[in-house]
Amino acid sequence: TNPVFPAMAAGTPPTEQTVIARSLQQIFLPLLQMAVPELTDYDLPDFAAARHLAFVSIRKTQIGQTRSVAGRLWGSPPLTSTRVIVIVDEGVDVRDPAAVWAAVSQNTDPDADIIFQQGAPDPLDPVIAPGPLTRMMAVDATEKIPGERQGSAPRRAVMDEEIERLVSSRWQAYGLS
């Protein structure tokens with residue numbers, strides 16, 4: 001006479017659903033890698049309800065590879081209704097949003113690196129208008145390989161170790177410690 005109603009309460013993440021989804025992503029990683037061999041890791045951030053946004057890292061070896069990867073990911077059950085996929089190089093930590101967005105700011109040309117596709121909408125997504133299809137977007141935030149862009153690709157700015165050591169040792173003198 002004390003019934004239990006099996007349900008998950010929806011709400012602002014982190015929720016029970018996001019914790020379960022983030023746990024399952026590690027189980028699905030080897031399965032996704034069978035469909036997308038160049039996939040090295042992926043993350044479904046809590047702040048996107050662990051389903052509307054995916055950060056994906058790949059081992060990039062050819063021109064146009066990110067478009068192919070995005071299509072195959074949208075065709076796989078764990079990411080079928082993911083609205084936005086951000087694809088980065090394998091050296092970027094997909095669990096660190098700052099590192100992912102830094103890769104976007106350093107490597108993305110909006111004219112060439114934003115990919116749109118139509119796909120099945122997530123019925124639980126409050127942003128999507130009802131209908132049979134919705135727009136999905138992928139962002140190619142990978143470093144460009146030779147031949148992928150006209151002209152020369154910008155070199156990554158790296159601070160000299162000696163300068164970094166000098167500045168770090170003088171924080172107190174600058175009044176910034």
Side-chain angles (χ1 to χ4, degrees), residues 12-15 17-33 35-74 76 78-117 122 125 127 136-146 148-149 151-169 171 176-177:
T12 304
T15 62
Q17 186 272 331
T18 60
V19 171
I20 291 169
R22 298 215 43 203
S23 299
L24 287 173
Q25 76 187 24
Q26 291 309 302
I27 293 169
F28 285 131
L29 179 60
L31 298 173
L32 279 172
Q33 287 172 324
V36 186
E38 57 268 67
L39 175 70
T40 56
D41 201 2
Y42 79 108
D43 188 45
L44 303 169
D46 280 344
F47 60 79
R51 71 174 175 267
H52 303 307
L53 171 70
F55 294 150
V56 175
S57 62
I58 65 167
R59 199 177 309 88
K60 186 172 174 181
T61 58
Q62 60 189 356
I63 296 171
Q65 188 172 9
T66 52
R67 287 182 181 274
S68 172
V69 166
R72 285 180 281 152
L73 289 172
W74 279 317
S76 63
L79 299 173
T80 298
S81 58
T82 301
R83 192 179 337 134
V84 178
I85 297 176
V86 179
I87 303 171
V88 297
D89 291 298
E90 68 180 318
V92 177
D93 181 3
V94 293
R95 286 170 185 69
D96 179 1
V100 173
W101 294 122
V104 170
S105 69
Q106 294 166 0
N107 299 322
T108 303
D109 172 5
D111 281 338
D113 297 326
I114 307 296
I115 304 155
F116 290 100
Q117 180 170 311
D122 179 350
D125 190 345
V127 175
M136 300 164 137
M137 179 177 78
V139 179
D140 177 358
T142 59
E143 289 186 28
K144 305 311 173 236
I145 57 179
E148 197 166 11
R149 283 268 158 70
S152 61
R155 291 181 309 161
R156 184 175 301 273
V158 179
M159 185 179 297
D160 180 59
E161 288 182 27
E162 179 61 30
I163 298 296
E164 187 174 353
R165 209 174 6 263
L166 178 64
V167 170
S168 296
S169 70
W171 282 121
L176 299 171
S177 60

Could you walk me through whether Asp122 and Thr82 pass the side-chain contact (heavy atoms from CB on, under 4.5 Å) check? CA-CA 8 Å; Asp122 179 350; Thr82 301; over 6 Å; no
Scanning both residues in full, the closest heavy-atom pair of Gln25 with Leu44 reads OE1-N, 3.0 Å
Intermediate values then yes/no, side-chain contact (heavy atoms from CB on, under 4.5 Å), Val88 and Val94: CA-CA 8 Å; Val88 297; Val94 293; 4.0 Å; yes
Would you indicate whether the side-chain heavy atoms of Leu39 and Val69 approach each other to under 4.5 Å? no
For residues 94-104, pull every pair meeting salt bridge (Lys or Arg N to Asp or Glu O under 4.0 Å), keeping only residues two or more places apart or in separate chains. Asp41-Arg95
Can you check whether Leu29 reaches Gln33 side chain to side chain, under 4.5 Å on heavy atoms? yes
CG of Asp160 to CG of Leu166, rounded to nearest 0.5 Å, is 10.0 Å
Tell me the closest heavy-atom pair linking Ser57 and Asp89, and the distance in Å. CB-O, 3.6 Å
Excluding sequence neighbours, so at least two apart, what forms ring pair (Phe, Tyr, Trp, His ring centres under 6.0 Å) with Phe55? Trp101
Contact check, side chains of Phe28 and Ser76, non-hydrogen atoms, under 4.5 Å: no
So Ile63 and Ile145, do their side chains get closer than 4.5 Å, heavy atoms only? yes
Residues forming a salt bridge (Lys or Arg N to Asp or Glu O under 4.0 Å) with Arg22, sequence neighbours excluded: Asp43, Asp46
Is there a side-chain contact (heavy atoms from CB on, under 4.5 Å) between Val56 and Thr40 once you walk through the steps? CA-CA 8 Å; Val56 175; Thr40 56; over 6 Å; no
Do Leu32 and Pro78 touch side chain to side chain, with heavy atoms closer than 4.5 Å? yes
If every non-hydrogen atom of Leu79 is compared with every non-hydrogen atom of Trp74, which pair is closest and at what distance? O-CD1, 3.6 Å
Non-hydrogen side-chain atoms of Val139 and Ile87 separated by less than 4.5 Å: no
Say you draw a straight line from CG of Leu31 to CG of Leu24; how long is it, rounded to the nearest 0.5 Å? 11.0 Å
Salt bridge (Lys or Arg N to Asp or Glu O under 4.0 Å) partners of Glu162, counting only residues at least two apart: Arg165
Tell me, please, which residues at least two apart from Asp113 pass salt bridge (Lys or Arg N to Asp or Glu O under 4.0 Å). Lys144, Arg149
Validation row: Leu73, Val36 side chains within 4.5 angstrom (heavy atoms): yes
Among Val100, Thr142, Ile58, find the residue that satisfies the side-chain contact (heavy atoms from CB on, under 4.5 Å) test when tested with Val92. Val100
Glu38: which of Arg72, Arg59, Lys60 passes salt bridge (Lys or Arg N to Asp or Glu O under 4.0 Å): Arg72
Of the non-hydrogen atoms in Ala141 and Val86, which two are nearest, and what is the gap between them? CB-CG1, 4.4 Å
With sequence neighbours excluded, tell me which residues meet side-chain contact (heavy atoms from CB on, under 4.5 Å) with Gln62. Gln65
Looking at every heavy atom in both Tyr42 and Gln26, which two are closest together, and how far apart are they? O-NE2, 4.4 Å
Closest non-hydrogen atoms of Met136 and Thr80, given as atom of the first, atom of the second and distance, are CE-O, 2.9 Å
